[in-house]
There are 2 protein chains.
Amino acid sequence: MEGLSISKVANEAAINIETVRYYEKRGLIPEPPRTEKGYRIYSGEYVDRIRFIKRAQELGFTLDEILQLLRISEGGHDAQIVKEFTYEKIQEIIWKIDDLLLMKNTLQKLSDECPGPGVPSSKCPIIQDLTNHK
Amino acid sequence: MEGLSISKVANEAAINIETVRYYEKRGLIPEPPRTEKGYRIYSGEYVDRIRFIKRAQELGFTLDEILQLLRISEGGHDAQIVKEFTYEKIQEIIWKIDDLLLMKNTLQKLSDECPGPGVPSSKCPIIQDLTNHK
DNA sequence: GTTGACTCTGTATCTAGGTACAGACTTTAT
DNA sequence: ATAAAGTCTGTACCTAGATACAGAGTCAAC
């Protein structure tokens, strides 16, 4: 058979079969071609796309936001719209990176300054500056 | 009255009152002291803590993970455990930052190379390399 | 050509994280 | 001192995202 069955693609992308169909319904992946009898046939690009979706989720994006990202990156949009959209998203990403860096530094300090075994480490709240953004 | 009422703290942290109590139940914030009649009294630190929780969520951490972060940063843990925990979390954060940078760069390119109005932009899939990580 | 693994559609169920009452009590402002 | 606003506990309900299942058809292997 040409291409991947739904179970193959699900397996490759480490995702449930039902979730593949769910993503299709949500419009996150395009409707794949079908066999004579109606079986879905996928290409490797679907695997990449699904992996992207999962990863973007882990980075704190909702499925709706991911859908926007995918749509805008697929071309065919007015330049003005693309500029505005990407500008917003880039800002958002920069904030996320900044906050992750703060978090990382705090954890680093926490680890470095951690006293010997058994000794209770001093107060080292991670809360820090992560509280004043927007 | 000394300190903040639950509605004040909820308002400051831009969160629902019920969610404050919910976080208490989940152990994400400590049980605050009470008045004679049983009303919760909060300090400003609670606001910071809640803001931290919300932000960490937006960065893709679950409430359970956030609970771990808060617990470990509160001290009183064995050095070995702290080292191991922070090492893992730091790696995780580094991956997140890397992927966000990829995403940001792709969006940047997408924006820069975007053709004039009306012209459909060329294919510029954001999917890129976000697919090969752990 | 029958048995077991896949797939289809459609509907129902589940988990995480919140939110929304209900009914009773307390505090504040008039 | 009474009405309005705030709080309490407990339980029920809600949304996003994902899974499960039922009933029917299909494919592959022996």
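Numbers restart at 1 for each chain; the letters A, B, ... are given by sequence-line order, proteins then strands.
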Quiz item: Given atom OH of B/Tyr23 and atom C1' of C/dT19, what is their separation to the nearest angstrom?
Solution: 12 Å
Exercise. Identify the heavy atoms of A/Ser111 and B/Thr86 that sit nearest to each other, and give their distance.
Key: CB-OG1, 3.3 Å
Donor-acceptor pairs under 3.5 angstrom involving side-chain atoms of residues 7-22 of chain A: please list them, not counting sequence neighbours.
unit_1  : atom_1 : unit_2  : atom_2 : d
A/Ser7  : OG     : A/Ser5  : OG     : 3.2
A/Asn16 : OD1    : A/Glu18 : N      : 2.9
A/Tyr22 : OH     : A/Arg26 : NH1    : 3.0

Quiz item: From the list C/dT19, C/dC8, D/dC8, which nucleotide is the closest neighbour of the side chain of A/Arg40?
Solution: C/dC8
Practice problem: Specify the separation, in whole Å, of atom CD1 of B/Ile17 and atom P of C/dA20. | Solution: 11 Å
Quiz prompt | Per A/Asn16 side chain, nearest of listed nucleotides D/dA20, C/dG18, D/dT7 | solution = D/dA20
Practice problem: Provide, to the nearest angstrom, the distance between the OH atom belonging to A/Tyr39 and the P atom belonging to C/dC8. | Solution: 7 Å
Exercise. Look at the side chain of A/Arg34 and decide which nucleotide, out of D/dT9, C/dT9, C/dT19, has an atom nearest to it.
Key: C/dT9
Quiz prompt | Qualifying residues under salt bridge (Lys or Arg N to Asp or Glu O under 4.0 Å), relative to A/Glu45, sequence neighbours excluded | solution = none
Quiz prompt | salt bridge (Lys or Arg N to Asp or Glu O under 4.0 Å) involving A/Lys54 - partner list, sequence neighbours excluded | solution = none
Practice problem: Enumerate the residues from residues 60-68 of chain B whose closest heavy atom to DNA chain C is under 4.0 Å, giving them by residue number; use none for an empty result. | Solution: B/Thr62, B/Leu63
Quiz prompt | cation_pi(B/Lys96, B/Phe61) dist<6.0 Å, angle<=45 | solution = yes
Quiz prompt | Between C1' of C/dT15 and CZ of B/Arg26, the distance in whole Å | solution = 11 Å
Quiz item: Is A/Glu74 salt-bridged to A/Arg71, going by a charged N under 4.0 Å from an acidic O?
Solution: no
Exercise. Report yes if at least one side-chain N or O of B/Lys25 is closer than 4.0 Å to OP1 or OP2 of D/dC8; otherwise report no.
Key: no
Practice problem: Provide, to the nearest angstrom, the distance between the CD1 atom belonging to B/Ile6 and the C1' atom belonging to D/dC8. | Solution: 9 Å
Quiz item: Within a strict 4.5 Å, meaning less than it, do heavy atoms of the B/Leu59 and A/Met103 side chains meet?
Solution: yes
Quiz item: With sequence neighbours left out, what residues match B/Tyr42 under ring-ring contact (aromatic ring centres under 6.0 Å, His included)?
Solution: B/Tyr46
Practice problem: Please figure out whether B/Glu36 or B/Lys54 has its closest DNA chain C nucleotide nearer the 5' end. | Solution: B/Lys54
Quiz item: What integer distance in Å separates B/Asn11:CG from D/dA5:P?
Solution: 16 Å
N/O to N/O distances under 3.5 Å, protein versus nucleotides 21-24 of chain D:
unit_1 : atom_1 : unit_2  : atom_2 : d
D/dC21 : N4     : A/Glu18 : OE1    : 3.2

